[in-house]
K.L.:
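My questions will all concern the structure given below.
Each ligand, and each atom within it, is numbered from 1 in the order the structure gives. Here the structure is a predicted model, which means the values were calculated and not measured.
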Amino acid sequence: MTNSINQKKCIWCLKSTSEVTFIKKAHTIPKSLGGQNFNRNVCDDCNYYFGNRDSHNGKYSIEVALKEAFSISRKRFLLGGIPKRKVGEFKSQFFEMKERKGKFRLGVKPSFMFASQLELCRAFKRGLYKMYFEELNRQKKVGFESSYDIIRSFSRYNLGDLPVLYFTRKIGVMIFFKSEAETPILYFSRMNYLYLDSQFAEIEFLGHVFGFPIAPFTKEEFENYASKSIEMKKDFFIEANIISKFTDIDISLNIMNN
Ligand SMILES: [Zn+2]
């Protein structure tokens, strides 16, 4: 007889302890972004997969694409302050922050020019789903239901494509604490402008808001969701766009310059 308490199942491949191991700690938010939490329902194979560049295109891993997007935003919030405790740091291969007269802008390294924007965006979206799904499972204890197969297919198995909405803030509307940049938190319902139903969800992370499907959907359902969501957010956000290039995300938070 198996001991059901020790019997684990991976939220990604759905394999259990009899087939896979669960030895390594799987950070839900990358450690180099200051992530502190683990998901114990991620097997070693799946954990390795997300961190390995061969899993995406041989150039960078899914996790690296995620870090490239958020480490600049995080640095932006941390600038000028002395962290209370030692937190992770990520060295970007694509970007650097440049400051002039108190204004910040994003410096782009030559390697970014040679990277495919579509590829990088796809890796980022898969990484965003990874972070969302592992935190969802950790915080809300859901994720094994078959409706989440669309997330597993795209994020873990690189099949199909899912639309991700990025919301552009109105200038000057941002609530943020420096401690959040040191050890970032993924919010599902921090502000009442974050939309949620059985098919679509939204998250806020390091000042950015994203919305995406979490269950099978039709084009019409997606469009309905998008218009309802934009209406809910009209006091705080200007617009929403489906991201297709990495540069569709305001990673340097230029909005803070204004
Ligand atoms: Zn697995």
K.L.:
Quick one: does NZ or CZ of Lys233 land under 6.0 Å from the six-membered ring centre of Phe167, within 45 degrees of the ring axis?
P.N.:
yes

K.L.:
Does Phe38 have Arg138 sitting over its ring (NZ/CZ under 6.0 Å from centre, angle to axis within 45°)?
P.N.:
no

K.L.:
Examine Lys170 relative to Phe236 and say whether NZ or CZ is less than 6.0 Å from the centre of the six-membered ring and inside a 45° cone about the ring axis.
P.N.:
no

K.L.:
Check the Zn ion (ligand 1) and write out every protein N, O or S atom at under 2.8 Å, as residue and atom.
P.N.:
Cys10 SG, Cys13 SG, Cys43 SG, Cys46 SG

K.L.:
Going by atom types alone, do Ser111 and Gln93 pair a side-chain donor with an acceptor below 3.5 Å?
P.N.:
no

K.L.:
Can you tell me if Lys25 has over 12 outside heavy atoms packed within less than 6.0 Å of its NZ?
P.N.:
no

K.L.:
So for atom CD, which belongs to Glu220, do other residues, nucleotides or ligands contribute more than 12 heavy atoms lying within a distance under 6.0 Å?
P.N.:
no

